[in-house]
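Right, one structure below, let's go through it.
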Amino acid sequence: MPELPEVETVVRELKAYLPGKKIKRISVYWHKTFVNECTQKAEGQTVHSLSRRGKYIIINLDRSALIVHLRMTGQLLFQQTAETTINAFHVRTALHFDDGSRLLFNDARKFGRIYHVVSVNKRLQKVGIDAMDAQFSATDFYRMLQSRKMNSKAFLLSQQFVAGMGNIYVDESLFRAGIHPASVSSKISRTDAEKLFKVIRRVLTFAIQNMGSTISDYRDANGKVGNAQKFFYVYQQQGKPCVKCGTIIKKIKLAGRGTHFCPECQRLFI
DNA sequence: CTAATCACCTGAAGGC
DNA sequence: TGCCTTCAGGTGATTA
């Protein structure tokens with residue numbers, strides 16, 4: 001489910017709630033959800049800060065960290081008091097804080113994970129630079145594209161080059177940049193790579209401003225849906241006319257995923 | 001290195 | 001109504 005904008009929305013909200021709270025107890029209701037990779041206990045530690053890298057939510061504690069990945073249907077829901085009504089029918093893990101508030105990890109499909117680690121960098125060493133990282137430049141992006149022969153859809157979906165985009169924002173970005181998803185990454189021109197870089201930033205920023213996209217399961221930390229899905233140009237728009245040229249938007253399978261694009265105005269680099 | 005296919009899970013939607 | 005198939009925001013392992 002959630003990609004960078006959705007994860008960013010959750011992190012921003014949790015920053016207002018969690019820092020300073022002490023973890024009293026952790027309840028694990030589905031054993032695979034909570035992966036403990038360090039010897040110290042998370043219980044008794046205080047939340048120090050929150051950050052994000054790609055689609056990973058990082059909850060920094062005093063001496064270790066919790067790394068949360070929502071995968072397809074995960075939700076991190078903040079519950080102020082035990083009496084607060086909350087829609088969570090698949091709670092897999094709950095963090096109970098000493099002031100009575102809780103952070104619920106709700107996840108219908110059980111794909112999501114919470115890793116308890118000492119070194120965040122070591123755990124995320126295979127994750128590439130965050131798409132919104134200020135240090136990330138169009139030149140870096142062009143060099144990355146040059147180094148691979150994968151199709152651009154697979155390239156952008158892979159988290160090892162640029163982290164944060166998933167199926168929705170890859171399709172939306174490629175459409176706005178006018179690049180066909182089957183284009184070979186190393187064949188994309190410098191000009192088009194720069195255009196794609198700028199488009200990615202714009203698409204993600206817009207989605208963050210709209211609190212992310214809700215297709216079915218995504219909810220923010222307050223249980224609210226996003227609004228960015230109202231502005232899709234190609235994702236789930238198959239059969240409808242392209243907003244630029246009127247050609248019917250197609251849906252094909254590429255890199256194992258449903259891929260939406262305009263066959264007329266997205267150029268194929270081969 | 002790259003591409004494709006599973007596997008992990010559940011629930012919703014569509015076909016018959 | 002009910003059964004069966006297909007599909008879904010992701011990623012990691014395995015197989016060609």
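Protein chains get the first letters and strands the later ones, always in sequence-line order, with residue 1 at the start of each. As the structure is a computational prediction, the values presented were derived from the model and not from experiment.
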Of Leu254(A) and His90(A), the one whose closest nucleotide on DNA chain B sits nearer the 5' end is Leu254(A)
Checking all strands, does Tyr56(A) fall into the base, sugar-phosphate, or nothing category for heavy-atom contacts under 4.0 angstrom? sugar-phosphate
Could you note down all residue pairs passing side-chain hydrogen bond (donor to acceptor under 3.5 Å, both in side chains) where residues 194-204 of chain A supplies at least one of them, sequence neighbours left out? Arg190(A)-Glu194(A)
Quantified in whole Å, what is the P atom distance between nucleotide dC9(B) and nucleotide dC3(C)? 25 Å
Please pick, from dC8(B), dG10(C), dG11(B), the nucleotide with the shortest atom-to-atom distance to any side-chain atom of Lys32(A). dC8(B)
Tracing side-chain links under 4.5 Å among I, L, V, M, F, W and Y, which residues wind up in one group with Trp30(A)? none
Tell me what Phe155(A) touches on the nucleic acid: a base, only sugar-phosphate, or nothing, going by heavy atoms under 4.0 Å. nothing
In sequence, state the C-alpha distance, the side-chain angles, and the governing distance for Arg52(A) and Asp130(A), and then conclude on salt bridge (charged side-chain N to carboxylate O under 4.0 Å, His left out). CA-CA 9 Å; Arg52(A) 178 188 62 71; Asp130(A) 189 88; 2.6 Å; yes
Under 4.0 Å between a side-chain N or O of Gln159(A) and OP1 or OP2 of dT11(C)? yes
When the distance from NZ of Lys126(A) to C1' of dT11(C) is rounded to whole Å, what number comes out? 11 Å
Could you state the atom-to-atom distance from OH of Tyr235(A) to C1' of dC7(C) in whole Å? 10 Å
Cationic tip of Lys224(A) within the cone over Tyr218(A)'s six-membered ring, i.e. under 6.0 Å and within 45° of the normal? no
Members sharing Val127(A)'s hydrophobic cluster, built from side-chain contacts under 4.5 Å between Ile, Leu, Val, Met, Phe, Trp and Tyr, are Val35(A), Tyr56(A), Ile58(A), Ile67(A), Tyr115(A), Val117(A), Val120(A), Leu124(A)
Out of Gln80(A), Lys22(A), Lys24(A), Lys21(A), which one pairs with Asp99(A) under the side-chain hydrogen bond (donor to acceptor under 3.5 Å, both in side chains) rule? Lys21(A)
Whole Å only: how far is the CE atom of Met72(A) from the P atom of dA12(B)? 15 Å
Candidates dC9(B), dG10(C), dA8(C) - which lies nearest the side chain of Glu3(A): dG10(C)
Tell me, what's DNA chain B's dot-bracket, Watson-Crick or G-U with both distances under 3.5 Å, | for other-strand, [ ] crossing? .|||||||.|||||||
Knowing that exactly one of Leu174(A), Asp171(A), Ile252(A) qualifies, which makes a side chain to side chain contact (heavy atoms under 4.5 Å, CB included) with His260(A)? Asp171(A)
Over how many whole Å does the gap from Gln236(A) atom CD to dT6(C) atom P extend? 19 Å
Round to the nearest Å and state the distance from Arg92(A) atom CZ to dC8(B) atom P. 16 Å
What's the CG-P distance between Leu70(A) and dG10(C), to the nearest Å? 11 Å
Gln75(A) CD to dC9(B) C1': how many Å, rounded? 15 Å
Using the P atom on both, measure dT10(B) against dT1(C) and round to a whole Å. 25 Å
With a cut-off of less than 4.0 Å, is there a side-chain N or O of Lys253(A) near OP1 or OP2 of dT5(B)? no
Does anything in residues 176-186 of chain A pair up under side-chain hydrogen bond (donor to acceptor under 3.5 Å, both in side chains), and if so which pairs, sequence neighbours excluded? Glu172(A)-Arg176(A)
Check: residues 232-239 of chain A side-chain donor-acceptor pairs under 3.5 Å, at least two apart:
residue: Gln237(A); atom: OE1; partner: Lys240(A); partner atom: NZ; Å: 3.2
residue: Gln237(A); atom: NE2; partner: Tyr235(A); partner atom: O; Å: 3.1

Nearest whole angstrom, please: distance from the C1' of dC7(C) to the CZ of Arg257(A). 11 Å
Give me the distances for all protein-to-nucleotides 1-3 of chain B N/O pairs that come in under 3.5 Å?
residue: dT2(B); atom: OP1; partner: Lys149(A); partner atom: N; Å: 2.8
residue: dT2(B); atom: OP2; partner: Arg148(A); partner atom: NH1; Å: 2.7

Under 4.0 angstrom, heavy atoms only, what part of the nucleic acid is Lys153(A) near: base, sugar-phosphate, or nothing? nothing
Contacts of Phe161(A) meeting ring pair (Phe, Tyr, Trp, His ring centres under 6.0 Å) (sequence neighbours excluded), chain-then-number -> Phe155(A)
Within residues 109-124 of chain A, find the residues that approach DNA chain C with a heavy atom at under 4.0 Å, and present them sorted by residue number. Arg109(A), Phe111(A)
Taking the hydrophobic residues Ile, Leu, Val, Met, Phe, Trp and Tyr, and joining any pair whose side-chain heavy atoms are under 4.5 Å apart, which ones share a cluster with Phe89(A)? none
List the residues meeting side-chain contact (heavy atoms from CB on, under 4.5 Å) with Ile26(A), not counting sequence neighbours, and say none if there are none. Ile23(A), Val28(A), Phe34(A), Ala42(A), Glu43(A), Thr93(A), Leu95(A)
Partners passing ring pair (Phe, Tyr, Trp, His ring centres under 6.0 Å) against Tyr142(A) (at least two apart in sequence or in another chain): none
Under 4.0 Å between any heavy atoms, over every strand shown, what does Gly256(A) touch: base, sugar-phosphate, or nothing? Just pick one. nothing
